[in-house]
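First up is the structure itself, then whatever we jot down about it.
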Amino acid sequence: MSIVVKSVCKALERIAPLRLAEPWDKVGLIIESPVPRSDAKRVVLTIDLTTAVLEETLQVPTALVVAYHPPLFQPITSLTLTNPLQASLLKLSAAGTSVFCPHTSLDATWGGINDWLAEGVMGGAGRIVTLDEPIPIEELVQRVKKHLSLSQVDVGRPLAQKSVKSVAICAGAGGTLLSGVDADVYFTGEMQHHEVLGAVAKGRYVILCGHTNTERGYLPVLAKKLLGALSELVQDESSNGLSREERIEIEKYQLDIHISEADRHPLDHM
């Protein structure tokens, strides 16, 4: 394992320990390149490893792609170029690039994606935010759109209109996790049709922003955290850190933490 990959993986473990991931999730080092490049100083952060992100990554020597969503989720019996997602992994590996996925460990960790979403609605702490004072749903929607830099979101309204004070939050697809949670509003990326109907029938508002729209804005926060964790790692002389030789080696690198410019929500409003 290259020193860059090893160091970044250790730094990510400090930011979002993999033990926090859901049992069903596929997190950690998904693929390790057998031909790491000594000139690769870039680490790419992306939500999805799309073909566009692949092409962007291959333009600059890259040691590691940190893809929030696991490119491989279902069990596979082969790894071939005929499957676009598998082809991306094979091409990256051949180019000396490894792939790491934090997914739900980054959702659950303190200061992670769900806490970042909570900051957008203000007040309270944790993933069920209790506002200081009840506010109209229209004001909450404006806060969400501003925080996520969105021009529009989908809103489900109960028959009886009311002010809101509590907001249950889940990045990505929150239908299952939010089901039965006692809150005035469910704020997430997406829910199934019957899940929305059920929530609205129980008198709750639903704010849906698009799956990856609830995640992508966190990447600059992750970049800053990663630089901080790498700096701490260089100074850490404990057995949980790097060896003395490794600390000297990684300190020589000027790592480029690059947020993908090609990563984007897969759907457009027309």
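Positions are given from 1, in the same order as the sequence printed here.
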- Note on the structure: In terms of heavy-atom contacts, C9 and F100 come closest through SG-CD1, 3.6 Å
- Item | Close side-chain approach of V181 and S179, heavy atoms under 4.5 Å | no
- Message: If you define the side chain from C-beta out and look only at heavy atoms, does anything of F187 sit under 4.5 Å from C209?
- Response: yes
- Message: Test: salt bridge (charged side-chain N to carboxylate O under 4.0 Å, His left out). Region: residues 141-152. Which pairs qualify, not counting sequence neighbours?
- Response: E139-R143
- Item | R247: salt bridge (charged side-chain N to carboxylate O under 4.0 Å, His left out) partners, not counting sequence neighbours | none
- Message: Between Y205 and K162 (side chain of the first, backbone of the second, donor and acceptor by atom type, cut-off under 3.5 Å), is there such a pair?
- Response: yes
- Transitively linked via ILVMFWY side-chain contacts under 4.5 Å: Y68 with L49? no
- Item | Heavy-atom pair of closest approach, residues K165 and D132 | NZ-O, 3.0 Å
Compile the donor-acceptor pairs under 3.5 Å between side chains in residues 89-98 and protein atoms, sequence neighbours left out, one pair per line.
residue, atom, partner, partner atom, Å
T97, OG1, T62, O, 2.6
S98, OG, S33, N, 2.9

- Task: Establish whether I248 and V4 are linked, either directly or via other cluster members, by ILVMFWY side-chain heavy-atom contacts under 4.5 Å.
- Result: no
- Nearest heavy-atom neighbours spanning A63 and V5: O-CG2, 3.6 Å
- Item | A21 to V27 - nearest heavy-atom pair and separation | CB-CG2, 3.8 Å
- Message: Just to verify, what does K6 make a salt bridge (charged side-chain N to carboxylate O under 4.0 Å, His left out) with, not counting sequence neighbours?
- Response: E246
- Message: Do V185 and V206 have side chains that approach each other closer than 4.5 Å (heavy atoms only, starting at C-beta)?
- Response: no
- Query: Which value, rounded to the nearest 0.5 Å, describes the distance between Q142 atom CD and L140 atom CG?
  - Reply: 10.0 Å
- Give a yes or no on this: more than 12 heavy atoms of other residues, nucleotides or ligands lie within 6.0 Å of atom CG of L159. no
- Task: Without swapping roles, check the side chain of T214 against the backbone of H211 for a donor-acceptor pair under 3.5 Å.
- Result: yes
- Message: Tell me if a side-chain donor or acceptor on S260 pairs with a main-chain N or O of V53 at a distance below 3.5 Å.
- Response: no
- Message: Filter on ring pair (Phe, Tyr, Trp, His ring centres under 6.0 Å), then keep only pairs touching residues 32-61, sequence neighbours left out; what's left?
- Response: none
- Note on the structure: The complete set of salt bridge (charged side-chain N to carboxylate O under 4.0 Å, His left out) pairs with one or both residues in residues 187-203, sequence neighbours excluded, reads none
- Rounded distance (nearest 0.5 Å) linking atom OH of Y186 with atom OG of S166: 9.5 Å
- Looking at A168 and L178, what are the two nearest heavy atoms and their distance? CB-CD2, 3.8 Å
- Ionic contact status for D184 with R204, cut-off 4.0 Å: no
- Do we see a donor-acceptor contact under 3.5 Å between the side chains of E56 and H258? yes
- Task: Indicate the atoms forming the closest heavy-atom contact of Q161 with P158, along with that distance.
- Result: NE2-O, 2.7 Å
- Check the pair V99, L64 against side-chain contact (heavy atoms from CB on, under 4.5 Å), reporting the backbone distance first and the verdict last. CA-CA 6 Å; V99 179; L64 184 69; 5.6 Å; no
- Message: Applying ring pair (Phe, Tyr, Trp, His ring centres under 6.0 Å) as the test, list every pair that has at least one member in residues 140-171; sequence neighbours left out.
- Response: W116-H147
- Query: Would a hydrophobic clustering, with Ile, Leu, Val, Met, Phe, Trp and Tyr connected at side-chain separations under 4.5 Å, put L18 with L226?
  - Reply: yes
- Query: Quick one: does K225's side chain have a donor or acceptor within less than 3.5 Å of a partner on I15's backbone?
  - Reply: no
- Query: Has E237 got more than 12 heavy atoms of other residues, nucleotides or ligands less than 6.0 Å from its CD?
  - Reply: no
- Query: Is there a side-chain contact between V153 and V155, using heavy atoms and a 4.5 Å cut-off?
  - Reply: yes
- Nearest-0.5 Å distance, CG of residue L230 to CD1 of residue I257: 6.0 Å
Return all side-chain donor-acceptor pairs below 3.5 angstrom for residues 40-47, not counting sequence neighbours, or 'none' if the list is empty.
residue, atom, partner, partner atom, Å
R42, NE, D256, OD2, 2.8
R42, NH2, D256, OD2, 2.9
T46, OG1, D48, N, 3.4
T46, OG1, D48, O, 2.8
T46, OG1, D263, OD1, 3.3

- Less than 4.5 Å apart, any side-chain heavy atom of H103 and any of K26? no
- Message: Among residues at least two apart in sequence or on other chains, which ones pass salt bridge (charged side-chain N to carboxylate O under 4.0 Å, His left out) with E138?
- Response: R157
- Query: Would L106 end up clustered with L72 when hydrophobic side chains under 4.5 Å apart are linked, directly or stepwise?
  - Reply: no
- Excluding sequence neighbours, so at least two apart, what forms salt bridge (charged side-chain N to carboxylate O under 4.0 Å, His left out) with E249? none
- Message: Nearest 0.5 angstrom please: S7 OG to L242 CG, how far?
- Response: 4.5 Å
- Message: I'd like to check L208 versus T188 (side-chain heavy atoms, cut-off strictly below 4.5 Å). Are they in contact?
- Response: yes
- Query: Does some side-chain heavy atom of I207 sit less than 4.5 Å from a side-chain heavy atom of I137?
  - Reply: yes
- Query: At what distance, to the nearest 0.5 angstrom, does CE of M191 lie from CG of L197?
  - Reply: 9.5 Å
- Apart from W24 itself, which Ile, Leu, Val, Met, Phe, Trp or Tyr residues share its cluster (side-chain heavy atoms under 4.5 Å, direct or through members)? F73
- Message: If the threshold is 4.0 Å, N to carboxylate O, is there a salt bridge linking D107 and R127?
- Response: no
- Does the side chain to side chain donor-acceptor pair (under 3.5 Å) test come out yes or no for H69 and E215, once each step is laid out? CA-CA 10 Å; H69 287 135; E215 303 158 341; 3.3 Å; yes
- Message: Please report the interatomic distance CD1(I3) to CD1(I250), rounded to the nearest 0.5 Å.
- Response: 5.5 Å
- Message: Counting C-beta onward and ignoring hydrogens, is there a side-chain heavy-atom pair between M1 and L29 closer than 4.5 Å?
- Response: yes
- Task: Report whether L177 and I128 are members of the same hydrophobic cluster (ILVMFWY, side-chain heavy atoms less than 4.5 Å apart, transitive linking).
- Result: no
- Can you tell me which residue pairs pass the side chain to side chain donor-acceptor pair (under 3.5 Å) test with a partner in residues 73-86, sequence neighbours excluded? T80-T82
